[in-house]
Amino acid sequence: MGGPSTNRSGAKSGKTGSGRGRSKKAAPRARLPKMNPEQADAVKQIHGPVLILAGAGSGKTMVITHRIRQMLKFGMPPGAIVAVTFTNKSAREMKARLGKMLSRKETRGMVVSTFHSLGNRILQKEIECLPGYRYPFSILAREDQESVLADIYRGLKLDPADARDSGVISLISLCKNSGLEPEDFAEQRGFEAGGDLFGEIYRRYHKNVHGVNGVDFDDLILLPQEIFRREPEILAKYRRKWRHFLVDEFQDTNPAQYNLLLQLVGSEKQLCVVGDDDQSIYGWRGADVNIILGFEKDFPNSKVVRLETNYRSTARILEAANSVIRNNPKRTGKKLRPIAGPGEMLHGIIGADEVREAEIVADEIKRRVFTENQMPGDFAILFRTNFQSRAFEQELRNRNIPHHVVGGYKFFDRREVRDMISYLRVLANPRDETALMRVINRPRRGVGEGTLAKISQYILDQDEDHRPDVYTVLELMSETPGMIPGVRADVVATLYEFLELLANYRSKFSRATRLSPVLNELIRELNFEAEFRREADNDNVVKARMFNLSELVNMLSYMEDNWDESVPPTIFDFLARISLMAQDQDPDEDEQRGRVQLLTLHVSKGLEFPVVFLTGLEEGLFPSLRSLEESQENGFGDAGLCEERRLYYVGITRARRELFLSAAQSRRKFGEAQIVELSRFWDELPEGAIDWMIRETGATDEEDQKNTLTNLLDGLGSLGESE
DNA sequence: GTGCTAAGAGTTTTT
DNA sequence: CTCTTAGCAC
């Protein structure tokens with residue numbers, strides 16, 4: 001299956017309904033008997049440095065996997081090959097593709113992972129050479145970062161509540177990812193009075209995270225670099241082992257990741273990067289398009305291959321895509337060439353409000369599913385922001401159309417799941433204070449805020465240089481009653497029991513051959529069920545929560561069953577996997593197929609669907625208000641708008657056969673309807689490309705009134721000005 | 001220390 | 001509109 005000469009047309013056959021086109025019209029995608037010259041050229045370039053500029057739908061994944069096969073054929077050992085992707089999903093997919101093409105033996109030792117997993121892999125082995133870090137370290141999630149920050153705010157006499165939404169965490173992350181010192185970063189960002197304060201917060205943040213033996217996501221990229229700088233022989237070891245690098249979605253690389261890559265690649269430059277500057281949509285996370293644009297400068301003798309033939313979409317869809325992206329300056333300037341015929345026109349929908357928009361979309365899907373026999377899985381509804389999914393979910397549910405929201409509410413954000421994970425974190429790393437604090441009174445054991453405050457105060461009262469960590473204090477307390485005045489004896493006794501429980505399970509976990517039964521036992525011993533009963537008035541809620549916990553056990557068990565390393569997995573391995581999995585767990589991917597997919601534009605990158613609904617094309621929503629403001633503010637021209645446009649381009653190019661574009665005339669914001677303007681992006685489509693399906697105008701009565709009122713006021717306003 | 005009610009606040013995108 | 005939090009009674 002999928003040999004070198006049987007090109008599978010390069011389109012991904014991933015999780016969506018693609019390839020199951022049981023619909024009446026044949027998909028436009030052409031099946032090539034063999035690779036086209038550009039693709040063949042790309043596959044041949046097994047020595048770096050190579051830059052493959054791969055337009056959307058140009059058979060990128062196929063080229064990558066075949067290139068790897070080619071490398072193996074020429075005797076490169078699999079263990080020397082490292083393929084880096086941006087998301088776990090694409091890492092999984094690449095593994096699956098390689099697995100089909102190659103035997104297990106042929107791929108043994110090959111690394112296919114995300115940047116973050118790669119960093120984690122290095123840290124697991126090497127972190128102890130950095131002072132103050134020990135092996136099972138904790139990977140801090142967003143919530144943990146917030147609580148670290150809240151502590152700092154308290155210390156600085158700022159409102160700890162601001163630690164939540166002040167965007168400081170994003171700033172810290174952006175700063176780390178840009179590879180800048182906080183001072184330089186502050187200067188570059190043009191902070192005025194706040195500059196020093198930010199530096200101070202940043203410094204304390206790093207110190208505190210380090211203090212709990214924790215690393216945040218960005219540290220997974222940064223700390224390996226520090227190790228390599230301090231210990232050149234460790235770097236040399238990795239360079240001997242890993243000699244060929246391949247990076248997918250290179251346009252999403254940020255400076256920190258690029259630097260790590262440069263370190264690892266060294267002077268041999270056995271590096272192949274694949275990407276599309278037009279699909280760079282993670283600038284807000286530090287990704288820098290200039291890295292891909294400047295690749296040829298950084299690697300002067302690099303070979304450049306462009307893949308511009310598109311096997312995915314109809315000519316009309318590609319015309320729209322080309323017409324839109326042409327508005328961006330600063331590109332490598334690719335143009336997608338269709339293989340397929342013109343196909344249908346683009347369909348336009350304008351609903352009176354967001355509910356009408358959703359109704360029209362859902363009706364159209366319903367009609368096609370029930371009368372034209374199309375599969376629900378052939379449809380995708382894309383939107384800019386997560387909250388837009390609600391209306392669509394509701395309308396699909398009303399019509400009994402199976403659907404699935406990709407990456408919406410997250411399993412790992414559930415409170416009970418986070419509680420259980422916190423237990424595991426404390427067991428793996430007793431210094432993990434955020435986890436310890438979270439778990440200390442869960443389920444409720446009568447250790448309240450008062451007690452915790454006293455403990456914190458006790459720690460603060462100790463000499464700065466040898467402050468004990470919370471865990472140590474708890475141990476001391478339970479040995480010496482009355483150590484902290486005001487903490488009742490029965491509370492001390494409870495804490496003692498709590499510590500015993502932890503000690504007990506720590507040894508159980510370290511002795512057990514399988515971890516999942518122990519986790520199950522822990523859940524039962526903690527008696528979460530009783531806790532849930534007490535909290536919830538609804539039996540289903542209790543069941544759902546228990547189900548989530550058992551799902552966690554299942555995940556662990558599944559991991560143990562599919563572990564391909566010589567040493568069995570530890571709790572830490574499980575935790576690391578969970579943290580890195582973050583967003584994209586689809587435990588039952590097969591089951592999701594055959595459902596209408598609802599997803600954000602960002603999540604949609606790399607996927608394709610026969611029929612795409614690109615929704616919410618309204619000014620301020622898409623392009624988003626923030627991006628527009630940013631563009632104006634910082635004098636960097638219209639960088640924000642350009643990124644939104646690339647996002648638009650990504651959305652358009654997801655469609656294989658048909659593309660619907662939609663907007664609402666008015667949209668409720670916090671429950672209040674507001675008239676919105678059509679997005680400027682409508683105007684960037686080719687002239688006459690749209691076949692209007694529905695174009696509702698006046699909306700409901702009350703909205704109509706508002707509308708006329710606004711017009712009236714506008715009129716008065718301009719009259720006044722002209723006077 | 002826990003549980004209820006009322007008021008308030010907030011939606012970009014994610015490894 | 002929905003979710004979180006502050007304040008008060010037990």
Side-chain angles (χ1 to χ4, degrees), chain A residues 84-91 113-120 139-142 159-162 164-165 167 169-170 173-174 176-177 215-221 249 252-254 256-257 280-287 354-355 382-391 394 406-410 412-413 415 441 443-453 488 490-491 494 531 534-535 537 576-585 599-605 616 620-630 640 643-644 646-648 650-651 667-674:
Chain A
V84 185
T85 62
F86 201 64
T87 65
N88 296 299
K89 198 180 268 173
S90 40
S113 76
T114 62
F115 265 113
H116 291 91
S117 323
L118 192 70
N120 183 47
I139 300 175
L140 271 56
R142 174 84 192 195
D159 184 0
D162 286 345
R164 265 292 201 39
D165 48 28
I169 291 175
S170 326
S173 175
L174 204 55
K176 287 183 164 195
N177 283 321
V215 304
D216 65 18
F217 260 94
D218 310 312
D219 288 337
L220 291 173
I221 309 295
E249 305 284 14
D252 291 327
T253 307
N254 64 43
Q257 293 165 332
S280 169
I281 55 175
Y282 285 101
W284 49 273
R285 209 168 66 188
E354 79 278 3
V355 177
L382 309 187
F383 32 78
R384 177 68 241 262
T385 64
N386 273 307
F387 78 95
Q388 287 170 261
S389 75
R390 292 209 175 182
Q394 185 159 3
V406 184
Y409 324 95
K410 291 157 255 169
F412 294 108
D413 282 350
R415 203 181 60 199
N441 196 31
R444 300 235 152 85
R445 22 172 101 79
V447 185
E449 273 169 43
T451 309
L452 295 182
R488 293 202 313 269
D490 60 311
V491 175
T494 311
E531 176 86 351
R534 211 164 354 119
E535 282 176 359
D537 32 27
R577 168 156 322 187
I578 285 173
S579 328
L580 294 169
M581 255 198 315
Q583 202 44 210
D584 68 21
Q585 19 55 50
L599 61 178
T600 63
L601 286 156
H602 282 88
V603 174
S604 79
K605 194 176 67 166
L621 184 63
F622 189 32
S624 84
L625 194 61
R626 279 256 186 108
S627 70
L628 296 175
E629 283 169 352
E630 236 163 70
E643 182 151 317
E644 294 290 300
R646 289 193 290 264
L647 201 50
Y648 189 31
V650 166
R667 189 173 287 274
R668 254 166 280 263
K669 226 178 179 183
F670 307 137
E672 211 171 324
Q674 290 181 354

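Here is how names work: the chains are called A, B, and so on, in the same order as the sequence lines, proteins then strands, and each is numbered from 1. From a predicted model like this one, the values you see are computed outputs, not experimental measurements.
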Using whole Å, report how far CD of A:Gln388 lies from C1' of B:dG10. 16 Å
Flag as yes if A:Trp284 stacks onto the base of B:dT13 (centroids under 5.5 Å, planes under 30°), otherwise no. yes
Between CG of A:Leu140 and C1' of B:dT14 the distance, given in whole Å, is 17 Å
Within the structure, does a side-chain N or O atom of A:Asn386 lie under 4.0 Å from either OP1 or OP2 of B:dT13? yes
Do the side chain of A:Asn120 and the main chain of A:His116 share a donor and acceptor less than 3.5 angstrom apart? no
Take atom CG of A:Leu621 and atom C1' of B:dT11, then tell me their distance rounded to the nearest Å. 10 Å
Look at A:Thr600 and B:dT14 and indicate whether a side-chain polar atom (N or O) is within less than 4.0 Å of OP1 or OP2. yes
Return the value, rounded to whole Å, for the distance between atom NZ of A:Lys669 and atom C1' of B:dA9. 14 Å
Report which part of the nucleic acid A:Phe622 touches: base, sugar-phosphate, or nothing (heavy-atom distance under 4.0 Å, all strands). nothing
Got a donor-acceptor contact below 3.5 angstrom from the A:Asn177 side chain to the A:Leu174 backbone? no
Listed pairs, N/O of protein and of nucleotides 1-5 of chain B, under 3.5 Å:
residue, atom, partner, partner atom, Å
B:dG1, OP1, A:Gly448, N, 3.1
B:dG1, OP2, A:Gly450, N, 3.4
B:dG3, OP2, A:Arg444, NH1, 3.1

Under 3.5 Å, side chain of A:Gln388 to main-chain N/O of A:Thr385, donor-acceptor pair present? yes
Tell me, do A:Glu643 and A:Ser627 make a side-chain contact under 4.5 Å, heavy atoms counted? no
In whole angstrom, give me the gap between the P atoms of C:dA6 and B:dT11. 16 Å
Is the aromatic ring of A:Phe217 within stacking range of B:dT15, meaning centres under 5.5 angstrom and planes under 30 degrees? yes
Can you check the A:Arg667 CZ to B:dG10 C1' distance for me, whole Å? 17 Å
Under 3.5 Å, side chain of A:Arg646 to main-chain N/O of A:Ser280, donor-acceptor pair present? yes
How many whole angstroms separate atom CD1 of A:Ile221 from atom C1' of B:dT14? 14 Å
Is a side-chain donor-acceptor pair under 3.5 Å present for A:Ser173 with A:Ser170? no
Upstream residue (5' side of DNA chain B) when A:Asp218 and A:Thr385 are each assigned their closest nucleotide: A:Thr385
Please determine whether ring-ring contact (aromatic ring centres under 6.0 Å, His included) holds for the pair A:Phe86 and A:Tyr282, giving the CA-CA distance in whole Å, both sets of side-chain angles, and the decisive distance to 0.1 Å. CA-CA 11 Å; A:Phe86 201 64; A:Tyr282 285 101; 5.4 Å; yes
Rounded to whole Å, please give me the gap between NZ in A:Lys176 and C1' in B:dT15. 14 Å
Could you state the atom-to-atom distance from CG of A:Leu601 to P of B:dT14 in whole Å? 10 Å
Minimum-distance nucleotide (side-chain atoms of A:His602 versus B:dT11, B:dT15, B:dT13): B:dT13
